[in-house]
Amino acid sequence: MIWVDVFDMLVKDYKRIGDRIQQIRKQSGLSQDEAAWRAHMSLRAYADIERGNTNPRLGSILNICDVFHITPDMLLMEDEHPLSCDYSSIIEKIDSLPPDKKQAAYSILDIFFKSSVSDT
């Protein structure tokens with residue numbers, strides 16, 4: 001239930017999210033009908049999300065992301081480049097962790113990279 005609460009807090013600007021979905025859909029060359037079908041949604045539900053008329057459910061966002069092979073942060077983050085940071089400082093922060101936490105951080109990154117490779 002915590003994830004749902006966090007998601008509700010993140011999704012504040014339905015119109016902005018809908019605009020991003022529409023832009024990605026058009027770039028992919030899909031019609032609304034085809035995108036809705038692939039996302040296992042009715043055309044009306046999909047179109048309402050794209051127009052920004054409704055609060056998209058977490059499951060709907062995840063289904064839409066699967067259709068376009070994107071991550072939810074690409075729709076929900078304010079910034080188009082949410083990770084614009086100094087990557088070397090991230091490595092330094094990880095390296096400064098105690099051994100058990102450092103191993104956990106590298107394990108998480110390893111899982112992420114393995115899942116990213118399998119998605120492509």
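Computed from a predicted model, the values in this text were never measured in an experiment.
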Original post:
What's the spacing between F68 CZ and L30 CG if we round to 0.5 Å?
Top reply: 5.5 Å
Original post:
With sequence neighbours left out, what residues match A39 under side chain to side chain contact (heavy atoms under 4.5 Å, CB included)?
Top reply: M41, N63, I64, V67
Subject >> Partners meeting side chain to side chain contact (heavy atoms under 4.5 Å, CB included) with A104 (sequence neighbours left out) >> reply: none
**OP:** Looking only at non-hydrogen atoms, find the nearest pair between S42 and A36 and report the distance.
**Re:** O-CB, 3.8 Å
**OP:** Under the salt bridge (charged side-chain N to carboxylate O under 4.0 Å, His left out) rule, collect the residues that match up with D110, sequence neighbours excluded.
**Re:** K114
**OP:** Tell me, please, which residues at least two apart from D100 pass side chain to side chain contact (heavy atoms under 4.5 Å, CB included).
**Re:** P98
Original post:
In chain order, what residues pass the side-chain hydrogen bond (donor to acceptor under 3.5 Å, both in side chains) check against R51, with sequence neighbours excluded?
Top reply: D48
Subject >> From CD (Q103) to CD1 (I108), nearest 0.5 Å >> reply: 10.5 Å
Original post:
Residues two or more places apart in sequence or in another chain: which of them pass salt bridge (charged side-chain N to carboxylate O under 4.0 Å, His left out) with K15?
Top reply: D19
Subject >> Pairing residues for S96 by the side-chain hydrogen bond (donor to acceptor under 3.5 Å, both in side chains) criterion, not counting sequence neighbours >> reply: none
Original post:
Hey, is the main chain of P56 close enough, under 3.5 Å, to the side chain of S60 for a donor-acceptor pair?
Top reply: no
**OP:** Identify, with sequence neighbours excluded, every residue that meets side-chain hydrogen bond (donor to acceptor under 3.5 Å, both in side chains) alongside T71.
**Re:** D73
Original post:
Any idea which heavy atoms bring M74 and I70 closest together, and the distance?
Top reply: SD-CB, 3.5 Å
Subject >> Chi angles and distances behind the side-chain contact (heavy atoms from CB on, under 4.5 Å) call for N55, Y14 >> reply: CA-CA 6 Å; N55 179 1; Y14 311 140; 3.5 Å; yes
**OP:** Carefully, step by step, assess Y46 and D33 under the rule side-chain contact (heavy atoms from CB on, under 4.5 Å).
**Re:** CA-CA 8 Å; Y46 180 87; D33 193 44; over 6 Å; no
Original post:
What pairs with Q22 under side chain to side chain contact (heavy atoms under 4.5 Å, CB included), at least two apart in sequence or on another chain?
Top reply: R25, K26, E50
